[in-house]
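Heavy atoms only: backbone and side chains are in, while hydrogens, waters and symmetry mates are out. Chain identifiers are assigned alphabetically (A, B, ...) following the order of the sequence lines, protein sequences preceding nucleic acid strands; residue numbering begins at 1 within each chain.
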Number of protein chains: 2
Amino acid sequence: MREIKKTEPLHSQVYHIVKEMIMEGKYQPGERMVETKVAENLGVSRGTVREAFRMLTKDDLLAQKENSLFVYHPDAQDILDIYECRKSLESLSAKLAARNITDQQLEQLEQIINESKKALAMPDTQKLTSLNQKFHDTIAFASRNKQLIQLFEVINAKVLYIRNCILKERSESFAVLVSDHEEIFLALKERDPAKAEEKMEAHIQRSLKVANTALSKQMDEPESSLG
Amino acid sequence: MREIKKTEPLHSQVYHIVKEMIMEGKYQPGERMVETKVAENLGVSRGTVREAFRMLTKDDLLAQKENSLFVYHPDAQDILDIYECRKSLESLSAKLAARNITDQQLEQLEQIINESKKALAMPDTQKLTSLNQKFHDTIAFASRNKQLIQLFEVINAKVLYIRNCILKERSESFAVLVSDHEEIFLALKERDPAKAEEKMEAHIQRSLKVANTALSKQMDEPESSLG
DNA sequence: TTATTGTTAACTGTTGACAGTTAACTCTCC
DNA sequence: GGAGAGTTAACTGTCAACAGTTAACAATAA
């Protein structure tokens with residue numbers, strides 16, 4: 001029997017489209033978002049856009065100020081705060097994954113690492129970024145904790161956004177990243193929760209340091225988007 | 001000059017009202033939520049209710065199934081998952097608070113504990129519950145990590161909901177709770193991050209155990225709302 | 001020129017209407 | 001009596017319109 005394609009509701013489509021556009025920097029941090037314009041651009045009604053905007057506001061990707069909505073514009077402290085939270089959640093994720101991960105998921109991780117090494121040799125920054133995300137997603141999924149996965153959705157939207165729009169990821173940082181991943185993978189393979197947790201925490205701590213130096217480099221450049 | 005009272009937007013008011021009603025069990029877990037009815041009850045238009053529903057869905061207090069929305073109905077695993085996340089976030093909260101808490105906030109905590117002891121003597125369960133929440137909120141605020149506070153908003157809505165609607169808090173559990181709080185308070189007063197973190201983790205672990213036994217007691221009662 | 005006051009134009013908040021879909025409830029006809 | 005078609009009623013998805021607010025800009029007076 002042929003699958004019937006029920007079209008996804010418009011408001012949901014608008015949500016995903018606008019979210020992606022924010023992530024890609026198509027809408028700039030701090031930029032004002034206007035219902036009317038988005039509605040016109042996408043060819044839908046204002047009410048539909050409104051629903052999407054409410055959801056994006058809950059994601060913290062839009063923020064209300066006075067009566068208008070603006071694209072999220074994190075300051076330096078926000079970024080530190082986000083990484084601090086991430087450290088805690090990713091450690092938990094690794095710990096739980098060490099208990100619950102399947103052999104198949106371990107294989108997936110191994111493959112991701114292998115591909116990462118190849119991408120590192122090129123080097124292919126775009127691919128490294130996406131593989132990095134995939135690595136963490138796989139572990140989160142392997143934790144089998146739905147609530148944790150939901151919390152990641154909130155925090156990861158911001159992390160990705162920061163990476164894309166605020167920091168310009170420098171390729172030299174990826175080498176450390178991949179070797180960290182390898183250590184985490186080994187801990188998971190040994191199914192050692194404490195070790196996985198510890199390695200993950202160190203890993204996030206290291207990425208924070210990378211972000212931090214990138215951040216302070218940007219502080220020097222006066223035309224930077226970060227004030 | 002006289003303050004001008006700008007009325008809060010309707011959709012926001014509806015959000016808070018419906019959220020509260022869900023928390024209080026005025027809408028039952030698993031119950032279907034109908035835009036039309038809520039709109040009529042509150043005397044606002046459907047579009048307004050829609051916006052509130054979108055926000056509640058993001059909070060996970062409503063869940064979409066097919067084309068309809070239902071009140072969140074966590075299963076036993078969800079509850080364990082939530083407490084696992086909470087353990088991680090609350091520990092972080094305590095650790096950061098130990099670094100950043102002000103003397104005034106320490107006084108607040110001390111007062112909360114004193115009131116808790118009084119309420120424990122009565123015993124006044126309602127008050128104990130609200131003081132418990134206040135204790136944790138104060139620490140979260142003292143952490144000065146805005147992202148963490150936002151994550152708590154997501155998770156706490158569920159925790160409160162579970163406490164109110166799923167578990168019936170038994171008063172005997174509160175004694176342990178208050179003495180735990182006292183230990184955490186002392187660690188914060190000494191401004192010892194590691195100790196605060198450790199005490200908090202143990203505390204949440206203990207509340208999980210309380211929840212767990214309450215849960216299994218309920219499993220025996222066949223007319224329970226938990227399947 | 002600088003303030004102050006109109007005057008639009010641009011938006012947001014809210015609503016009521018309409019189309020399409022699903023669910024429930026008949027009413028047949030076997 | 002029961003399977004299947006027909007008929008409503010109940011909802012959701014989407015939109016267009018209107019009122020109220022704010023912001024920008026022009027016009028006028030000091």
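- Rounded to an integer number of Å, the gap from B:Lys65 NZ to C:dA23 P is 13 Å.
- No close placement of the A:His11 and A:His16 rings is indicated, their centers lying 6.0 Å or farther apart.
- Judged purely by atom type and a 3.5 angstrom limit, B:Gln105 uses its side chain to pair as donor or acceptor with the backbone of B:Thr102.
- Considering only side-chain N and O atoms, B:Arg46 lies nowhere under 4.0 angstrom from the phosphate OP1 or OP2 of D:dT12.
- Nearest-nucleotide positions on DNA chain D for A:Glu51 and A:Asn67 put A:Glu51 closer to the 5' end.
- Separating the CG atom of B:Leu69 from the P atom of D:dC11 is a distance of 13 Å, rounded to the nearest angstrom.
- A donor-acceptor pair under 3.5 Å links the side-chain atoms of B:Asn100 to the main chain of B:Ser143, judged by distance alone.
- The closest donor-acceptor contact from the side chain of A:Thr48 to the backbone of A:Val44 lies at 3.5 Å or more, if one exists at all.
- Contact between the side-chain N/O atoms of B:Thr48 and the OP1/OP2 oxygens of C:dT15 is found at a separation under 4.0 Å.
- When the nearest nucleotides of DNA chain D are assigned to A:Arg32 and B:Thr36 by heavy-atom distance, the more 5′-ward of the two goes with B:Thr36.
- The nearest heavy atom of DNA chain C to A:Lys37 and to B:Ser45 marks one nucleotide each, and the one closer to the 5' end goes with A:Lys37.
- Between the CD atom of A:Glu8 and the P atom of D:dG13 there is a distance of 12 Å, given to the nearest Å.
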